[in-house]
Amino acid sequence: MSDCLFCKIVAGEIPADKVYEDKQVLVFRDINPKAEVHLLVIPKVHIDSLDELTEGDDELIAHMMRLLPKLASEQGLTEGYRTIINTGKGGGQLIFHLHIHLLGGKGLPGFQ
Ligand code: 5GP
Ligand code: ZN
């Protein structure tokens, strides 16, 4: 966990372009945006991936889900947005700290 990039962002050891923060969650801009708006929504506690979730995380996950439309609205994504969670190497997960990608606006790539 000490080697986790996103934990270091939560701890303030690595800078990030933060757009929202509360007790449980941090939201910042992806360093390599795939669309005009590309946010990463992460829990402040370290959770490797969806695979590690337990019943004890239910309130946290619900909180993250319900935050998404609010963030999208604040970012001006009135036409809609896309959310992605990559899980495991086969799912394209590169950073093993659970995160939800929130994408929208110009340049949103197709999804096949
Ligand atoms: P994954 O493939 O794990 O779902 O996505 C990881 C995301 O983290 C990628 O979109 C990548 O651009 C982003 N990322 C990697 N390193 C950093 C960083 O140091 N800062 C920020 N803001 N984003 C990062
Ligand atoms: Zn972490």
Side-chain angles (χ1 to χ4, degrees):
M1 196 213 286
S2 54
D3 276 344
C4 173
L5 179 68
F6 287 176
C7 280
K8 287 180 179 165
I9 288 177
V10 170
E13 292 166 16
I14 291 177
D17 188 356
K18 297 178 190 176
V19 304
Y20 174 86
E21 182 171 13
D22 63 31
K23 265 169 69 176
Q24 292 176 291
V25 172
L26 181 64
V27 183
F28 51 94
R29 295 191 188 280
D30 195 292
I31 205 167
N32 182 23
K34 301 288 196 297
E36 186 179 15
V37 175
H38 186 171
L39 305 182
L40 298 173
V41 180
I42 72 168
K44 286 188 169 177
V45 295
H46 181 90
I47 300 171
D48 273 13
S49 77
L50 280 186
D51 286 341
E52 309 306 318
L53 288 177
T54 68
E55 209 175 326
D57 299 313
D58 284 358
E59 194 269 333
L60 169 65
I61 294 307
H63 177 59
M64 290 172 70
M65 285 292 160
R66 282 176 37 74
L67 189 57
L68 295 166
K70 293 176 194 162
L71 291 165
S73 171
E74 281 169 17
Q75 293 294 315
L77 300 176
T78 54
E79 300 294 311
Y81 51 92
R82 180 176 301 149
T83 50
I84 299 172
I85 304 175
N86 296 322
T87 304
K89 286 195 168 65
Q93 186 175 6
L94 297 174
I95 308 285
F96 280 76
H97 180 128
L98 179 64
H99 52 282
I100 305 173
H101 296 258
L102 171 59
L103 300 127
K106 289 187 190 122
L108 186 67
F111 183 71
Q112 282 85 23

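By convention here, the first residue in the shown sequence is residue 1. Each ligand, and each atom within it, is numbered from 1 in the order the structure gives. All values below come from the heavy atoms of this structure, side chains included, with hydrogens, waters and symmetry mates left out. Here the structure is a predicted model, which is why all the values come from computation and not from measurement.
Under 4.0 Å from ligand 1, the heavy atoms of H101 that appear belong solely to its side chain. At a 4.0 Å heavy-atom cut-off, ligand 1 touches F28 through the side chain alone. Heavy atoms of L40 found under 4.0 angstrom from ligand 1 belong exclusively to the side chain.
Contact check for D48 versus Q93: no side-chain heavy atoms found under the 4.5 Å cut-off. Side-chain atoms of Q24 and E59, non-hydrogen and from C-beta on, do get closer than 4.5 Å to each other. Side chains of F6 and L40 form a contact here, defined as non-hydrogen atoms less than 4.5 Å apart. Residues V10 and V45 form no side-chain contact, since every pair of their non-hydrogen atoms from C-beta on lies 4.5 Å or further apart. Counting heavy atoms from C-beta outward, Y81 and V37 have side chains that stay 4.5 Å or more apart.
Note: no N/O pair closer than 3.5 Å links H38 and ligand 1 by distance alone. Note: no N/O pair closer than 3.5 Å links A16 and ligand 1 by distance alone.
Close contacts of ligand 1 with N32, meaning ligand atoms under 4.0 Å from a residue heavy atom, involve 12 (O). When each atom of ligand 1 is checked for a heavy atom of N86 under 4.0 Å away, the hits are 1 (P), 2 (O), 4 (O). For ligand 1, the atoms sitting less than 4.0 Å from at least one non-hydrogen atom of F6 are 8 (O), numbered in the order shown with element in parentheses.
Across all their heavy atoms, H97 and P43 have their closest contact at NE2-O, 2.8 Å.
Rounded to the nearest 0.5 angstrom, I100 CD1 and I61 CD1 are separated by 6.5 Å. Taking OG1 from T87 and CZ from F96, the interatomic distance works out to 8.5 Å, rounded to the nearest 0.5 Å.
Closest approach between the Zn ion (ligand 2) and any N/O/S atom of H97 involves ND1. For H46, the N, O or S atom closest to the Zn ion (ligand 2) goes by the atom name ND1.
The backbone N or O of D22 lies less than 3.5 Å from a partner atom in the side chain of K44, making a donor-acceptor pair.
If you look at H101 and H99, their ring centroids are closer than 6.0 Å.
With hydrogens left out, the protein atom closest to atom 3 (O) of ligand 1 is L94 N, 2.7 Å, a heavy atom. The protein atom (non-hydrogen) at minimum distance from atom 1 (P) of ligand 1 is H99 NE2, 3.1 Å. For atom 2 (O) of ligand 1, the nearest non-hydrogen atom of the protein is G92 O, 2.8 Å. Taking atom 22 (N) of ligand 1 as the reference point, the nearest protein heavy-atom neighbour is R29 O, 2.9 Å.
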Sequence neighbours left out, cut at 3.5 Å: what donor-acceptor pairs do the side chains of residues 64-80 make with other protein atoms?
| from | atom 1 | to | atom 2 | distance (Å) |
| --- | --- | --- | --- | --- |
| Q75 | OE1 | R29 | NH1 | 3.4 |
| Q75 | OE1 | R29 | NH2 | 3.3 |

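Among L5, I31, I100, I85, the residue whose heavy atom lies nearest to atom 21 (C) of ligand 1 is I31. The heavy atom nearest to atom 7 (C) of ligand 1, out of those in I42, D17, I9, D30, is found in D30.
Vertex the Zn ion (ligand 2), arms ending at SG of C7 and SG of C4: the angle is 120° after rounding to 10 degrees.
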